[in-house]
S.K.: 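Just passing along the structure, written as structure tokens.
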Amino acid sequence: EADMYRLTSNSANSDVTPLTAWERVDDATFSKMGTGISVSSGIFSFPSTGIYYVTFSLYCNLENDDYHFRNIIHATSDNSNYNLLAQGSSGIERSSGSYQFSAIAHSLFDVTDTSNCKLKFGYNSALNPTNSAIYGNTSYNQTSAIFIRLGDT
């Protein structure tokens with residue numbers, strides 16, 4: 001299994017609410033391998049058990065006095081209780097203006113049960129001002145996730 005998704009539009013969310021505007025990458029140069037990962041309302045499910053390498057790359061704009069953001073991978077093994085699996089972080093000290101950043105969070109995820117093991121991706125900024133945003137685009141990757149099944153558990 002190898003698959004890739006990207007956020008299709010800009011979003012402002014917290015690390016509690018999953019990002020939901022995902023599409024499988026549809027560029028002419030991309031093709032998933034295997035059955036593929038599925039997503040529903042921002043929750044990603046796996047087609048088979050095994051160890052997966054998961055990476056979440058976030059592209060963000062920080063406005064006003066916001067100075068820091070993190071991208072977050074939450075995982076569950078019981079289809080209910082989500083725990084922090086990984087986070088990336090970026091920040092800058094500044095006095096005004098807006099800045100764009102990107103950061104990557106990645107982890108190995110042991111999918112032992114395809115009905116219960118799931119992932120979601122979130123975002124959190126230091127101050128969460130109204131104009132800060134996560135960038136998404138349907139034509140090319142800005143905020144994206146990659147899933148690669150490495151082998152059996």
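For this chain, numbers begin at 1 and follow the sequence in order.
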S.K.: Can you list the steps and then say if Thr114 with Thr49 is a side-chain contact (heavy atoms from CB on, under 4.5 Å)?
M.R.: CA-CA 6 Å; Thr114 59; Thr49 60; 4.2 Å; yes
S.K.: At their closest point, which heavy atom of Ala86 faces which heavy atom of Ser107, and how far apart are they?
M.R.: CB-CB, 4.0 Å
S.K.: Hydrophobic clusters here meaning ILVMFWY residues chained together by side-chain heavy-atom distances under 4.5 Å, can you tell me if Leu108 and Tyr82 are in one?
M.R.: no
S.K.: Mind checking what makes side chain to side chain contact (heavy atoms under 4.5 Å, CB included) contact with Val39, not counting sequence neighbours?
M.R.: Tyr5, Trp22, Phe44
S.K.: What are the two closest heavy atoms between Ala21 and Ser9, and how far apart are they?
M.R.: CB-OG, 3.7 Å
S.K.: To the closest 0.5 Å, what do you measure between CD1 (Ile134) and CG (Leu19)?
M.R.: 4.5 Å
S.K.: How close do Ala75 and Leu119 get, heavy atom to heavy atom, and via which atoms?
M.R.: CB-CD2, 3.4 Å
S.K.: Once rounded to the nearest 0.5 Å, what's the spacing between atom CD of Gln87 and atom CG of Leu58?
M.R.: 12.0 Å
S.K.: Can you tell me how far the CG atom of Asn116 sits from the OG1 atom of Thr76, to the nearest 0.5 Å?
M.R.: 7.0 Å
S.K.: Going by salt bridge (Lys or Arg N to Asp or Glu O under 4.0 Å), name the pairs with one or both residues in residues 20-33, residues two or more places apart or in two chains.
M.R.: Asp3-Arg24, Arg6-Glu23, Arg6-Asp26, Arg6-Asp27
S.K.: Can you list the steps and then say if His74 with Leu84 is a side-chain contact (heavy atoms from CB on, under 4.5 Å)?
M.R.: CA-CA 5 Å; His74 281 125; Leu84 180 64; 4.3 Å; yes
S.K.: Is the backbone of Thr8 close enough, under 3.5 Å, to the side chain of Asn137 for a donor and an acceptor to pair up by distance?
M.R.: no
S.K.: Check whether any side-chain heavy atom of Tyr135 sits under 4.5 Å from a side-chain heavy atom of Leu7, and report yes or no.
M.R.: no
S.K.: Test Phe56 against every option in Ile72, Ile73, Leu85 by the side-chain contact (heavy atoms from CB on, under 4.5 Å) rule and name the one that passes.
M.R.: Ile73
S.K.: Within this structure, what is the CG-OG1 distance for the pair Asp110 and Thr153, rounded to the nearest 0.5 Å?
M.R.: 4.0 Å
S.K.: Give me the atom names and distance for the closest heavy-atom approach of Thr143 to Tyr59.
M.R.: OG1-N, 3.2 Å
S.K.: Strictly by salt bridge (Lys or Arg N to Asp or Glu O under 4.0 Å), give each pair with a member in residues 38-49 just once, sequence neighbours left out.
M.R.: none
S.K.: Would a hydrophobic clustering, with Ile, Leu, Val, Met, Phe, Trp and Tyr connected at side-chain separations under 4.5 Å, put Ile146 with Ile51?
M.R.: yes
S.K.: Suppose the criterion is salt bridge (Lys or Arg N to Asp or Glu O under 4.0 Å): which pairs have a residue in residues 142-153, not counting sequence neighbours?
M.R.: Arg149-Asp152
S.K.: At what distance, to the nearest 0.5 angstrom, does CD1 of Ile37 lie from CD of Glu1?
M.R.: 5.5 Å
S.K.: Could you list the residues that satisfy side chain to side chain contact (heavy atoms under 4.5 Å, CB included) with Ser45, not counting sequence neighbours?
M.R.: Ser38, Lys118
S.K.: What about the rings of Tyr52 and Phe147, do their centers lie closer together than 6.0 Å?
M.R.: no
S.K.: Step by step, would you call Cys117 with Thr112 a side-chain contact (heavy atoms from CB on, under 4.5 Å)?
M.R.: CA-CA 7 Å; Cys117 295; Thr112 57; 3.7 Å; yes
S.K.: At what distance, to the nearest 0.5 angstrom, does OG of Ser57 lie from CZ of Phe121?
M.R.: 11.0 Å
S.K.: Can you pull out every salt bridge (Lys or Arg N to Asp or Glu O under 4.0 Å) where at least one residue sits in residues 72-86? Sequence neighbours excluded, please.
M.R.: none
